[in-house]
Enquirer: 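First the structure, which I've put down as structure tokens, then a few questions once you've had a look.
Remember, it's a predicted structure, so these values are computed and weren't measured experimentally. Residue numbers begin at 1 in each chain, while the letters A, B, ... track the order of the sequences. Only heavy atoms go into these numbers, but all of them, side chains included; no hydrogens, no water, no symmetry mates.
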Amino acid sequence: MSSVKVTMRRTPADYKTGSMPDWCPACGDFGILQALLNAFAELNLDPANTVLVSGIGCSAKIPHYLKIVGVHTLHGRAIPFAMGIKLANPTLEVIVDGGDGDLLAIGAGHFVALGRRNLDIAVIMHDNAVYGLTKGQAGPTLPRGIKVKAIPRPNVHDAVNPVLLALASGYTFVARTYSYDIKHQVEVIKQAIQHRGAALVHILQPCPTYNTFQTREWYEQRIYRIEEEDPSWDPVVRDPGDAWEKYNRAVNKALEFGDRIPIGVFYRNETVPTFEERMAESIPSMLKVPPVMQPIATKDGKPLITIERYLPDRIV
Amino acid sequence: MSSVKVTMRRTPADYKTGSMPDWCPACGDFGILQALLNAFAELNLDPANTVLVSGIGCSAKIPHYLKIVGVHTLHGRAIPFAMGIKLANPTLEVIVDGGDGDLLAIGAGHFVALGRRNLDIAVIMHDNAVYGLTKGQAGPTLPRGIKVKAIPRPNVHDAVNPVLLALASGYTFVARTYSYDIKHQVEVIKQAIQHRGAALVHILQPCPTYNTFQTREWYEQRIYRIEEEDPSWDPVVRDPGDAWEKYNRAVNKALEFGDRIPIGVFYRNETVPTFEERMAESIPSMLKVPPVMQPIATKDGKPLITIERYLPDRIV
Amino acid sequence: MPQRRVDLYWLVGGPQGRGVETAAMVFLRSVAAAGYYAYGRREYWSNIAGRHSYFLGRISDVPVWSVKSKVQILMSIDGQTVIEHVRDVAPGGLVIYNKDEENRQFESYTMFSKKTMARLTKHFKEEGVETTVRGAVELYRRNGVRALGVSYNELLRKVGERIGIRDLITLGRFVSTLSVALGLAALGIPRDALRAGVEFSLGKRPNIVQQNMEVVNVAYETVENVFNLGASNANRDKAVLWNGNEAVAVGKIMGGIRFVSFYPITPAADEALFIESRPSVELDPSLEEAKLVDRLGVITIQAEDELAAVNAASGAAIAGLRASTTTSGPGFSLMAEGISFMGMAEVGVVVTLWMRGGPSTGLPTRTSQADLRFALHTGHGEFPRIVLASGDVEEAFYDAIKTANWAERYQVPVIHLLDKNLASSYMVMPLPRYDDIRIEATPVEVHSEPILVPRYDYPLGGLPRRIVFGVSNAYIHLAGNEHDEYGDVDEDAELARTMQEKRLKKLELIDREIPDEEKVRVYGDQGSDVAVVSWGSTKRAVLDALDELGGNMMFVQLRMFQPFPTAPVREALRKARRVIFVENNYMAQGASVLREKTGIEPDTVIVKYNGRPFTVDELVQLIDSAMRTGERRIVAYGEL
Amino acid sequence: MPQRRVDLYWLVGGPQGRGVETAAMVFLRSVAAAGYYAYGRREYWSNIAGRHSYFLGRISDVPVWSVKSKVQILMSIDGQTVIEHVRDVAPGGLVIYNKDEENRQFESYTMFSKKTMARLTKHFKEEGVETTVRGAVELYRRNGVRALGVSYNELLRKVGERIGIRDLITLGRFVSTLSVALGLAALGIPRDALRAGVEFSLGKRPNIVQQNMEVVNVAYETVENVFNLGASNANRDKAVLWNGNEAVAVGKIMGGIRFVSFYPITPAADEALFIESRPSVELDPSLEEAKLVDRLGVITIQAEDELAAVNAASGAAIAGLRASTTTSGPGFSLMAEGISFMGMAEVGVVVTLWMRGGPSTGLPTRTSQADLRFALHTGHGEFPRIVLASGDVEEAFYDAIKTANWAERYQVPVIHLLDKNLASSYMVMPLPRYDDIRIEATPVEVHSEPILVPRYDYPLGGLPRRIVFGVSNAYIHLAGNEHDEYGDVDEDAELARTMQEKRLKKLELIDREIPDEEKVRVYGDQGSDVAVVSWGSTKRAVLDALDELGGNMMFVQLRMFQPFPTAPVREALRKARRVIFVENNYMAQGASVLREKTGIEPDTVIVKYNGRPFTVDELVQLIDSAMRTGERRIVAYGEL
Ligand SMILES: Cc1ncc(C[n+]2csc(CCOP(=O)(O)OP(=O)(O)O)c2C)c(N)n1
Ligand SMILES: Cc1ncc(C[n+]2csc(CCOP(=O)(O)OP(=O)(O)O)c2C)c(N)n1
Ligand code: SF4
Ligand code: SF4
Ligand SMILES: [Mg+2]
Ligand SMILES: [Mg+2]
């Protein structure tokens with residue numbers, strides 16, 4: 001990813017703004033916020049070159065609590081916004097935060113498209129399986145037949161599996177973690193940010209207010225770390241030739257989500273060119289001088305190109 | 001699925017309208033049209049109770065060539081329209097036809113959501129890997145790095161695998177077939193229509209005008225029938241207990257798409273309740289008297305309900 | 001209707017998620033049980049727990065649906081409420097607060113809006129009082145407001161003793177009941193009326209009811225009856241207590257709507273969720289129709305996004321079911337393409353638009369009337385549509401039925417404009433006059449043999465055929481492309497022209513068929529010198545303001561914006577020497593439509609765009625100021 | 001400018017996908033090579049191959065950009081063209097057709113529009129001729145048109161002999177060149193000019209050029225020079241041959257736009273694809289700027305849908321890049337929410353809207369001006385925006401540059417209204433005056449240390465700060481919710497009011513800063529009795545019609561609709577005794593805006609809504625009729 005100017009070592013507190021989160025007490029989002037603060041500090045990210053793009057939801061309030069560039073956008077659309085930002089300046093660290101509703105219901109099309117692009121951004125999914133901010137409707141990851149607090153009848157939709165969907169869509173880094181486990185989160189988030197390509201961090205995030213099913217206890221009974229159970233687990237593709245096998249293993253692992261829920265890195269493959277690199281094939285200057293730094297006119301405001309030069313074959 | 005009034009045996013010609021398709025010569029869509037005609041005749045579908053909903057694209061012109069109820073809607077939105085129709089009258093046969101762009105780019109969110117619902121409709125995907133009707137841009141299934149006729153640079157997006165995506169989304173019938181193989185298509189389409197639940201028929205459809213890469217020859221060198229190669233292949237879940245294993249096998253089979261392309265049925269599971277059934281849990285009358293046939297008022301136009309009856313607890 | 005003997009404004013506030021809604025419901029239901037009409041508007045942040053939230057309301061002997069910017073009684077759950085509303089209680093009024101919080105500083109309320117806190121700090125400093133709850137109490141007193149401080153902890157402990165709970169944290173759950181019980185006691189509402197209030201908002205489990213009634217008892221023992229309302233002697237008829245979301249939901253069902261799609265969004269979702277929680281409606285067994293089905297079903301679909309919601313409703317309508325979708329600004333933006341499709345394919349769907357503060361995510365939980373122009377012009381291309389705005393909860397209910405009729409008959413999108421002010425404002429509403437309600441079912445074409453039917457083969461100025469899938473025995477084609485009578489795509493220039501004309505002539509038919517009084521209503525004397533013109537949820541505040549102002553004034557309520565009733569509006573305003581337009585937006589959109597459609601230019605526009613509705617006193621003052629100064633544009637600032 | 005010595009209308013038609021475009025390009029480039037200005041509008045179906053398609057155009061000594069409904073020369077690739085255009089050639093004109101198809105019945109053309117065929121069948125029957133190509137030829141002759149039938153097969157065989165190809169199917173690929181070469185021969189265009197035409201549309205491979213030049217030779221040997229144009233003696237300056245899509249694409253790049261997102265849609269996609277095929281622009285090495293980068297990059301993104309397209313452009317603009325997205329009606333509908341976001345978050349993006357026939361999918365390849373109101377009001381809530389409509393390809397080019405400047409400066413969505421008529425109409429356009437072009441870069445805030453910057457802290461009536469990500473060394477927050485100066489969410493009522501005012505006051509600033517002549521242009525004598533008012537791509541047809549009508553008339557072209565230039569428009573129309581409004585839609589939307597914004601009510605509106613633009617002769621006749629009859633509404637029917 002982009003190079004980071006190291007001027008000083010920052011602490012988690014350096015990334016805190018004065019704004020107090022207005023989440024409910026014990027909300028899983030607090031854990032994610034802390035993990036981001038820690039990860040940013042450990043990576044010593046430059047706040048002016050780190051952009052966090054969020055959608056709309058409880059989760060999406062997070063940029064206001066972080067002293068970095070924060071872009072709080074539209075429900076479901078954080079990924080397209082992030083794409084525009086990243087391409088305008090590929091040297092930026094770009095991170096997307098969103099809820100399960102944000103990214104997998106209204107935003108599912110963009111979620112899939114990001115995989116197809118392998119744009120070098122990290123998507124942090126706050127998965128509470130409900131629509132928090134609109135008062136607890138079923139989210140796309142809530143299992144069918146479950147009746148959580150605020151919904152009038154048991155959920156009629158099947159849950160989608162974010163890890164599997166990410167793998168099916170082409171993400172080259174796919175991981176799952178848990179919002180009350182700060183340490184695990186920090187590790188995974190750091191890797192996702194450092195990964196060169198589209199990364200998904202699927203965070204199991206209890207919503208104590210509305211998700212009365214997937215509670216802290218529920219998760220903690222089920223969660224296990226992949227590499228603890230299987231010390232030989234190595235999700236990293238080091239050679240394109242390995243990709244097929246590692247991908248298949250990741251997909252099979254992803255299918256596991258029920259009584260036991262694996263957390264950790266499922267898949268990581270940096271042998272696939274990023275979208276920026278693909279674009280640079282036809283626009284070679286893009287990775288040398290970021291587009292935002294390229295000139296648009298002469299000093300006195302005259303055009304840099306002429307039709308004669310740009311379109312000689314059209315001159316008649 | 002719904003029962004079909006058998007008043008007479010219809011032939012494929014009975015389902016033909018006077019309108020002549022305005023597809024290009026040798027377009028793969030002709031094969032799909034023929035397969036639909038044959039399948040409808042073999043199932044002897046009642047034209048007034050069979051609804052074909054299409055999006056926008058070359059593919060989406062198909063309802064105009066069929067003597068059934070045809071609803072030619074919006075680019076990417078055929079699935080939501082079909083959902084409304086099917087729920088309004090669950091006794092209808094509802095089929096969606098759309099292109100790869102229609103269903104997997106602009107419509108990807110609905111494609112995923114349909115899987116989560118397992119609504120009893122069949123989706124016929126005309127996959128030519130290009131945007132035919134807008135003159136040949138790369139479609140979401142075109143492999144990366146390929147430059148087909150009308151695109152100015154090699155494709156910068158990775159292809160999405162429709163079969164894998166359908167499986168990841170929860171479709172309970174997933175199959176692939178090939179548009180120049182009428183017989184195979186008819187078999188698969190018939191099964192999809194008869195399947196109780198959300199069905200995907202992924203049809204490899206050459207576009208001789210724009211897809212200069214995935215041509216007839218290209219496909220015919222790669223395609224093979226799953227059950228021919230593996231006579232023990234049995235994709236049907238007969239018992240919920242089998243679902244896990246059959247699903248896993250289907251996913252693994254789906255990963256195969258390259259030098260060899262499997263066609264046939266990947267997965268079929270009727271043990272999952274359909275969306276109509278899930279809805280009927282809270283609206284029992286729905287499957288007895290289709291909503292379109294339920295009364296909305298008394299004969300003389302008076303309301304059927306009163307607040308006193310509907311909301312006694314709100315009377316003050 | 002009886003004389004207005006009682007007319008009292010109230011407010012109850014506290015942190016979101018800590019019982020404000022419960023408290024307000026206890027309050028409303030209790031005063032209703034005492035025989036009053038009542039009203040309460042909910043104000044809250046886009047937040048689940050902790051931000052300051054309140055209900056502002058009124059009680060009276062007659063139906064009421066407006067508020068003033070000063071209340072007679074303020075009931076507080078926390079100290080922040082006491083601080084935030086320091087200017088909102090009328091002299092002579094009463095504020096009830098928790099003495100335990102007296103010393104708390106502004107900053108100790110961590111979810112206080114930075115801006116509001118800064119402004120209040122300035123105010124307190126200027127007044128020379130400390131920035132604490134105590135400082136606020138001091139200011140109330142200076143303004144002639146009685147401040148009644150009681151220790152909530154002490155009272156709760158007293159309750160605890162009686163119900164056998166010691167733990168103060170557990171007892172905390174009674175604070176919402178306590179806060180309003182104290183108020184109701186001060187108002188002199190008969191104590192037994194509170195049982196209905198408790199049961200209504202907390203359910204009828206005896207244990208819960210009994211515990212809360214102990215809270216009530218303690219409150220009544222603590223506070224003396226100051227206002228002395230007693231039970232109403234108005235002897236009003238049965239009424240219903242609901243908010244706009246609920247009234248519209250029930251209107252839809254009564255109007256035959258059997259499919260409601262939505263994607264969760266404030267302030268629309270509660271309408272759909274209300275239906276979702278009562279999806280099956282038992283018919284009166286004595287009805288003829290009950291023989292076919294004993295329970296009617298209403299399908300609600302939580303879609304994956306608003307694109308799915310709008311087009312699924314279209315699908316249901318295409319199949320022949322009365323269908324609707326409900327949303328707010330951001331979702332409505334996503335529906336533009338689907339609405340344009342309805343125009344082309346001739347599909348009738350009721351699109352309910354609950355306006356909220358914009359643009360973009362804006363102020364998701366605050367009100368506005370800024371989507372009028374967008375509703376009028378949403379969707380590319382030209383097509384007929386109906387745009388109707390309801391003035392209050394009662395109208396909204398009846399309009400939900402009418403729009404359902406129109407959508408089916410004309411096969412056009414019907415946009416029903418409402419707003420957050422209506423959505424989450426509760427009122428005690430007289431029960432509907434069922435005899436005035438008509439569900440006008442449009443005849444369905446039914447064929448004996450399956451047959452190809454040209455859906456669009458209808459005469460200029462007429463209506464498309466009504467085909468129901470699975471009933472009509474017809475196979476039709478339908479398209480969003482330009483098409484011939486059969487719905488098959490064709491680009492012939494003459495065809496394009498004539499189909500366009502067919503579709504758009506429907507507007508003239510609609511205009512002819514729908515009576516003028518649905519489109520524009522005049523209150524007061526048509527011959528008045530001064531006409532106040534407005535639309536939507538400002539209605540009651542305007543009417544009440546004109547009442548107070550007296551004089552030669554009428555109110556012209558614009559209801560239908562497409563087709564626009566040009567002639568009746570011109571007629572209504574013909575004699576007005578002065579026209580004052582009131583609306584809850586910046587651009588004076590309603591006034592621009594008036595100008596566009598009638599050539600009438602209002603002399604003054606009074607606008608408000610801070611996310612809060614007009615209050616009656618604000619309008620009294622601003623209309624009066626408009627009359628005196630003739631200013632062209634007046635901005636209202638009221639923050640309640 | 002020289003006198004108009006040559007002024008000739010032409011048409012070439014054939015089945016889509018069988019060389020109509022190639023033929024038209026050969027034609028246009030050839031006459032350009034002969035020194036003429038030329039114009040050609042493409043008409044085609046939403047179809048890839050087989051439907052009837054044609055180019056309708058004009059050539060002259062002076063720049064031209066309009067057509068009439070009768071041409072002097074009709075060149076046909078197939079017999080259907082001869083049938084479809086049977087009424088479209090002026091007496092004395094020439095139709096060139098393929099004798100081999102003479103016997104073909106209407107029905108043998110399987111992709112004939114059912115409706116068009118039915119109408120032509122009726123016409124042929126009434127005229128008593130057979131429904132074949134021969135019948136059509138008979139009708140041409142009756143109308144005084146010379147019909148020149150040649151056997152295309154025979155000519156192709158002759159070509160085949162010379163280039164060594166026997167197979168008639170293979171030779172079929174030359175039919176497009178043949179059809180126009182026959183026409184160009186009849187026009188008397190110097191044969192060597194055709195080489196440029198062939199190279200332009202078929203490429204410079206010597207083999208191909210040589211083969212096609214043999215086609216040309218055979219054509220020139222076959223047809224005599226009827227019109228005797230020769231080379232133009234106008235001696236015109238260098239010009240560029242392009243269409244509106246291309247002119248806007250180049251205007252954007254010149255105007256500094258470096259990011260164009262799109263989802264394929266007619267008629268917008270060709271603009272983006274044009275850039276995508278030339279993504280990297282080599283700088284003149286002598287430029288100072290070439291030291292930093294030798295090749296500028298322009299990013300084009302084919303998004304997964306229009307929601308992604310609009311918001312990706314917003315993202316790029318937020319980061320500080322000049323960004324644009326391009327679309328047509330259906331896509332624009334999907335952009336409403338994103339545009340509303342731009343309004344709230346203060347993001348400047350050029351949204352290029354190529355209008356086409358609606359509503360819904362409508363007539364995807366036909367023109368219309370029916371999205372004006374939608375562009376003005378799209379997106380929920382109220383926010384500033386600029387809406388500008390260009391009148392012709394030349395204006396479109398310059399406007400693409402200006403809109404890029406404005407979007408950056410004002411940080412508002414800028415909607416650039418164009419239409420299909422502009423998109424795929426080619427013209428020989430004088431090269432731009434580079435000296436008149438200004439790219440006005442807005443200063444960027446740059447800090448020496450990373451610092452928190454309140455992006456929205458700017459004075460009322462001012463502009464938000466310009467921060468470039470990775471350059472400014474600033475961290476900012478940005479939100480689509482209502483926010484404080486720091487972009488942090490707050491719902492305080494006073495804050496909401498003042499932020500709303502800050503944003504909307506930008507409209508007044510924009511109105512002050514942008515000169516009147518960008519907003520409204522008056523052609524002809526300001527004091528004229530009669531004013532024809534119009535907007536968008538009708539401009540040239542109106543101007544040419546007024547030219548022909550002569551008399552005391554002026555043309556008022558409305559360009560900017562938001563902010564609307566009320567005072568200048570009132571001034572322009574002050575003396576007009578009669579106002580005639582011309583536009584390509586049903587509802588007379590431009591006229592409604594005029595009425596809303598100025599109170600001026602046009603005496604007559606002339607509208608057309610069959611998917612086809614106005615022709616000059618149609619306007620001459622209808623304006624004249626408006627003058628004579630004073631009718632309030634006149635509908636134009638022309639089908640070409
Ligand atoms: C277009 C649109 N539709 C609906 C909404 C209303 N809305 C706000 S937050 C939200 C869902 C939040 O759920 P999720 O994304 O899972 O985030 P969470 O609050 O659970 O963190 C919705 C539907 C909106 N803002 N915009
Ligand atoms: C909202 C919207 N965007 C874009 C278009 C333009 N459009 C028409 S067809 C099409 C793509 C067709 O591709 P596909 O769905 O793969 O169908 P095919 O033509 O290949 O069968 C597009 C983008 C549209 N009609 N509506
Ligand atoms: S509603 Fe749930 S997700 Fe939202 S802040 Fe509260 S606990 Fe967290
Ligand atoms: S463009 Fe391709 S998909 Fe479309 S009709 Fe032609 S061959 Fe078929
Ligand atoms: Mg969530
Ligand atoms: Mg396709």
Enquirer: Counting only heavy atoms closer than 4.5 Å, note whether B:P140 contacts chain D via side chain, backbone, both or neither.
Expert: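 When you check distances to chain D, no heavy atom of B:P140 falls under 4.5 Å.
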Enquirer: Determine whether more than 12 heavy atoms belonging to other residues, nucleotides or ligands lie under 6.0 Å from atom CZ of D:R278.
Expert: yes
Enquirer: Return the option, out of D:S277, D:P330, D:A303, D:P264, with the maximum number of heavy-atom pairs under 4.5 Å with chain B.
Expert: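 Looking at each of D:S277, D:P330, D:A303, D:P264 in turn, D:P264 comes out on top.
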Enquirer: Side chain from CB out, backbone as N, CA, C, O: work out which of these in B:L133 comes under 4.5 Å of a heavy atom of chain D, or both, or neither.
Expert: both
Enquirer: Tell me whether B:K147 at atom NZ has more than 12 heavy atoms from other residues, nucleotides or ligands lying less than 6.0 Å away.
Expert: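 Yes.
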Enquirer: Compare all side-chain heavy atoms of B:H75 with those of D:L334 and state whether any distance is below 4.5 angstrom.
Expert: no
Enquirer: Please classify the contact between D:T300 and chain B as side chain, backbone, both or neither, with a heavy-atom cut-off of under 4.5 Å.
Expert: both
Enquirer: For residues 126-146 of chain B, which residue pairs qualify under ring pair (Phe, Tyr, Trp, His ring centres under 6.0 Å), counting only residues two or more places apart or in two chains?
Expert: B:Y131-D:Y263
Enquirer: Chain B contacts: which residues in residues 40-55 of chain D have a non-hydrogen atom closer than 4.5 Å to it?
Expert: D:R42, D:S46, D:N47, D:I48, D:A49, D:R51
Enquirer: Tell me, for B:H72 versus chain D, whether the close heavy atoms (under 4.5 Å) come from the side chain, the backbone, both or neither.
Expert: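 Nothing of B:H72, per the 4.5 Å heavy-atom cut-off to chain D.
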Enquirer: State, yes or no, whether a side-chain contact exists between B:R153 and D:E276 at a heavy-atom distance under 4.5 Å.
Expert: yes
Enquirer: Is B:C27 in contact with chain D via its backbone, its side chain, both, or neither, using a 4.5 Å heavy-atom distance?
Expert: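 Neither part, no heavy atoms under 4.5 Å.
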Enquirer: Report yes if the side chains of B:K135 and D:T266 come closer than 4.5 Å at any heavy-atom pair, otherwise no.
Expert: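 No - every pair of side-chain heavy atoms lies 4.5 Å or more apart.
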Enquirer: Under a 4.5 Å cutoff for heavy-atom pairs, which residue among D:I265, D:D305, D:T365 has the most contacts with chain B?
Expert: D:D305
Enquirer: Sub-3.5 Å donor-acceptor pair from the side chain of D:Q302 to the main-chain atoms of B:Q137, do we have one?
Expert: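 Here the side-chain-to-backbone pair does not exist.
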